[in-house]
Amino acid sequence: MQTIDNFNFKDKKALIRVDFNVPLDSDYQITDTTRIDATLPTIRKILADGGSVILMSHLGRPKGGPEEKFSLKHLLPYLSEQLKLNVKFADDCIGQSAIELSSTLKPGEVLLLENLRFYKEEEKGDDAFSQKLASLGDIYVNDAFGTAHRAHASTAVIARYFPQARCFGYVMAGEVTHLDKVLKEAVHPFTAILGGAKVSGKIEVITHLMDKVDNLIIGGGMMFTFIKALGGEVGNSLVEEDLLDISRNIVEKAKTMGVSLYLPVDAVIADAFSNDANIKICNAHDIPDPWMGLDIGPNTLHKFEHVIEQSSTILWNGPMGVFEMRNFEEGTKRIAESIAKATDNGAFSLVGGGDSVAAINKYDLAKRISYVSTGGGAMLEYIEGKELPGVKAILD
Ligand code: AMP
């Protein structure tokens, strides 16, 4: 695998695709710096070599032209402070200012380009646009795992302009290495925990994991489609009627493949989708109308924790309940703690997906997880066994 460690960047301009798609509040202050922080080691290594750095990223979902709220200039103070230097800014990612600022960039200096998605050509994977970006640097570095599943101009197409000079940054290399460790070299027993709102979007993930894992734990809103498929009464809980057959097939496939599939036995139910609703604990297969299940129950937790704490490899994606509401966060919180405890005892744990990572951070457990993935959609596609365009473009 070609990484930045295979290159000496002395007197070279590294053009780095980063994922600086960070949340900003109404005063344009960054509310979660995780994605920027993750890329700092890559930037520092190149500067330490005596190279210069040109950073390019998207931010938010602009409609195809400049928008103040999506300008990357809001990131300059934080970035400058972290790197302890004055980061320069090109207010257009291509064109005169980008060309002038990049051509005069000296070793040790950093230039940030304006939001790539101010051009619709970025998401279209436009070749001419890729070429203009490519002309700004000597070595192309992809360090944006969060967009690696997209064949965009800056994430994939651009790589063809650097046939001898393209590589992964530390974030990308870390993601691929750790995901491979789980998917290809897992120490058994291997337990995957899946949650989140829906089964749709996770079917391929479940199917692909089936011949790798020993235990498959299912929680979150998606559990009710499975429970209904098995003949349970789920009241007003979230159900995808069109996936009942598929869910039944998954349960059958687990049996024939010798995978232990764990579904919740009890649930925290509510009479409305609200933190102020009335709540009680109920058998997960016997939920009365119009009540709905919004978290896994105590007996389920007891069982799930036991399985997790016996595991040597753990993969988690998706919350166990509506953890954004205090009354329905217990399941997600205790599963996160259980994974941390198993990790303390020697298991390898990998957690990914926006909500699961938010939960890990909310409960201050990041240091007790082996690897926290920065990619949601990209991670799921990698687990599905798909070749990610951003990864392929570097490897080919
Ligand atoms: P996803 O984006 O599919 O990973 O789903 C994440 C969302 O699933 C979170 O916002 C949770 O609030 C939601 N969720 C988890 N459990 C349930 C549930 N039992 N009913 C409805 N939504 C849920």
Side-chain angles (χ1 to χ4, degrees), residues 1-20 35-58 83 102 105 107-108 110-113 116 122 125 127 129-185 350 352 371-375 377-379 381-396:
M1 190 196 296
Q2 285 280 77
T3 76
I4 50 174
D5 285 334
N6 300 107
F7 289 84
N8 185 339
F9 288 85
K10 186 165 170 43
D11 295 327
K12 301 282 185 212
K13 292 187 176 81
L15 179 62
I16 318 181
R17 177 44 158 113
V18 287
D19 180 4
F20 282 179
R35 287 176 172 165
I36 298 178
D37 299 341
T39 310
L40 295 174
T42 297
I43 300 171
R44 289 193 181 116
K45 135 81 187 173
I46 293 165
L47 296 178
D49 272 5
S52 56
V53 166
I54 303 166
L55 300 167
M56 51 179 179
S57 178
H58 76 285
L83 294 169
S102 62
L105 204 62
V110 178
L111 169 67
L112 175 66
L113 304 180
L116 295 160
E122 162 64 359
D127 191 37
F129 179 72
S130 306
Q131 194 172 10
K132 283 181 196 153
L133 289 172
S135 71
L136 303 176
D138 304 313
I139 300 174
Y140 169 65
V141 180
N142 191 346
D143 215 20
F145 186 70
T147 48
H149 57 319
R150 306 284 183 222
H152 293 170
S154 69
T155 61
V157 182
I158 191 171
R160 70 173 66 131
Y161 295 103
F162 299 90
Q164 306 300 329
R166 58 187 188 215
C167 58
F168 293 128
Y170 291 138
V171 175
M172 281 286 270
E175 294 280 355
V176 171
T177 306
H178 289 102
L179 278 164
D180 281 349
K181 184 177 163 80
V182 165
L183 296 173
K184 298 179 182 163
E185 302 154 28
L350 193 153
Y371 192 76
V372 179
S373 173
T374 57
M379 175 181 135
E381 289 198 19
Y382 200 86
I383 297 172
E384 283 171 21
K386 286 192 186 142
E387 209 168 30
L388 307 186
V391 174
K392 186 171 184 301
I394 299 290
L395 297 179
D396 272 355

Exercise. Could you tell me the separation between the OH atom of Tyr140 and the OG atom of Ser130, rounded to the nearest 0.5 Å?
Key: 9.0 Å

Quiz item: At what distance, to the nearest 0.5 angstrom, does CZ of Phe162 lie from CD1 of Ile394?
Solution: 10.0 Å

Practice problem: Kindly indicate, with the supporting measurements, whether the criterion side-chain contact (heavy atoms from CB on, under 4.5 Å) is fulfilled by Phe7 and Val141. | Solution: CA-CA 11 Å; Phe7 289 84; Val141 180; over 6 Å; no

Exercise. I would like to know whether Leu395 and Glu387 meet side-chain contact (heavy atoms from CB on, under 4.5 Å); could you show each step before the answer?
Key: CA-CA 11 Å; Leu395 297 179; Glu387 209 168 30; over 6 Å; no

Quiz item: Within the distance-only criterion (no hydrogens, no angle test), does the side chain of Glu381 pair as donor or acceptor with the backbone N or O of Leu388 below 3.5 angstrom?
Solution: no

Quiz item: How long is the gap from CD1 on Ile16 to CD1 on Ile54, to the nearest 0.5 Å?
Solution: 9.0 Å

Self-check item: Residue pair Ala156 / Pro389: nearest heavy atoms and the distance that separates them
Solution: CB-O, 3.9 Å

Exercise. Go through the structure and list residues passing salt bridge (charged side-chain N to carboxylate O under 4.0 Å, His left out) with Lys10, not counting sequence neighbours.
Key: none

Quiz item: With sequence neighbours left out, what residues match Thr39 under side-chain hydrogen bond (donor to acceptor under 3.5 Å, both in side chains)?
Solution: none

Quiz item: Met1 and Val176: which non-hydrogen atoms are nearest, and at how many Å?
Solution: CE-CG1, 3.7 Å

Self-check item: Spatial distance of atom NZ (Lys132) from atom CD1 (Ile158) [nearest 0.5 Å]
Solution: 13.0 Å

Quiz prompt | With Asp11 via side chain to side chain contact (heavy atoms under 4.5 Å, CB included) - residues at least two apart | solution = Pro107

Quiz item: Closest approach of Val157 and Ala151, non-hydrogen atoms and distance?
Solution: CG2-O, 4.4 Å

Self-check item: Partner residues of Glu384 under the side-chain hydrogen bond (donor to acceptor under 3.5 Å, both in side chains) criterion, sequence neighbours left out
Solution: Lys386

Quiz item: For Phe129, which residues count as a ring pair (Phe, Tyr, Trp, His ring centres under 6.0 Å) partner, sequence neighbours excluded?
Solution: Tyr119

Quiz item: Residues in side chain to side chain contact (heavy atoms under 4.5 Å, CB included) with Lys45, at least two apart?
Solution: Ile4, Asp5, Phe9, Asp49, Tyr170

Quiz item: Is the side chain of Tyr371 donor-acceptor paired with the backbone N or O of Gly352 at a distance under 3.5 Å, no angle test?
Solution: no

Practice problem: Dump the intermediate steps for side-chain contact (heavy atoms from CB on, under 4.5 Å) on Ile383 and Met379, then the final yes or no. | Solution: CA-CA 6 Å; Ile383 297 172; Met379 175 181 135; 3.7 Å; yes

Quiz item: Under the 3.5 angstrom rule, does the side chain of Asp19 hit a backbone N or O of Phe145 as a donor-acceptor pair?
Solution: no

Quiz prompt | Distance-only polar pair, side chains of Thr155 and Arg17, donor-acceptor under 3.5 Å | solution = no

Quiz item: Under 3.5 Å, is there a donor-acceptor pair between the side chain of Gln131 and the main chain of Tyr161?
Solution: no

Practice problem: Check side chain to side chain contact (heavy atoms under 4.5 Å, CB included) between Ser52 and all other residues, then give those that pass, not counting sequence neighbours. | Solution: Lys13, Leu105

Self-check item: Non-neighbouring partners of Thr147 that pass side-chain hydrogen bond (donor to acceptor under 3.5 Å, both in side chains), sequence neighbours left out
Solution: none

Quiz item: Are any of the side-chain heavy atoms of Lys184 and Leu179 separated by less than 4.5 Å?
Solution: no

Exercise. Could you check Ile46 against Ile139 for side-chain contact (heavy atoms from CB on, under 4.5 Å), going step by step and ending with a plain yes or no?
Key: CA-CA 11 Å; Ile46 293 165; Ile139 300 174; over 6 Å; no

Practice problem: Not counting sequence neighbours, list each pair that qualifies as a salt bridge (Lys or Arg N to Asp or Glu O under 4.0 Å) and has a residue in residues 153-168. | Solution: Asp127-Arg160

Quiz item: Between Leu133 and Ser154, which heavy-atom pair has the shortest distance, and what is it?
Solution: CD1-CB, 4.2 Å

Quiz prompt | By side chain to side chain contact (heavy atoms under 4.5 Å, CB included) - contacts of Arg150 (at least two apart) | solution = His152

Quiz item: Sequence neighbours excluded, which residues qualify as salt bridge (charged side-chain N to carboxylate O under 4.0 Å, His left out) partners of Asp396?
Solution: Lys392

Self-check item: Donor-acceptor pair, side chain of Asp143 and main chain of Val18, under 3.5 angstrom
Solution: no

Practice problem: Of all the heavy-atom pairs spanning Val171 and Ala38, show the shortest one and how long it is. | Solution: CG2-O, 3.2 Å

Quiz prompt | Smallest separation among heavy atoms of Leu136 and Ser102, with atom names | solution = CD2-OG, 3.4 Å

Practice problem: Working to the nearest 0.5 Å, report the span between CG of Asn142 and OG1 of Thr3. | Solution: 13.0 Å

Quiz item: How many angstroms lie between atom CD of Glu175 and atom CG of Asp180, to the nearest 0.5 angstrom?
Solution: 11.0 Å

Quiz item: Mind checking what makes side-chain hydrogen bond (donor to acceptor under 3.5 Å, both in side chains) contact with Lys12, not counting sequence neighbours?
Solution: none

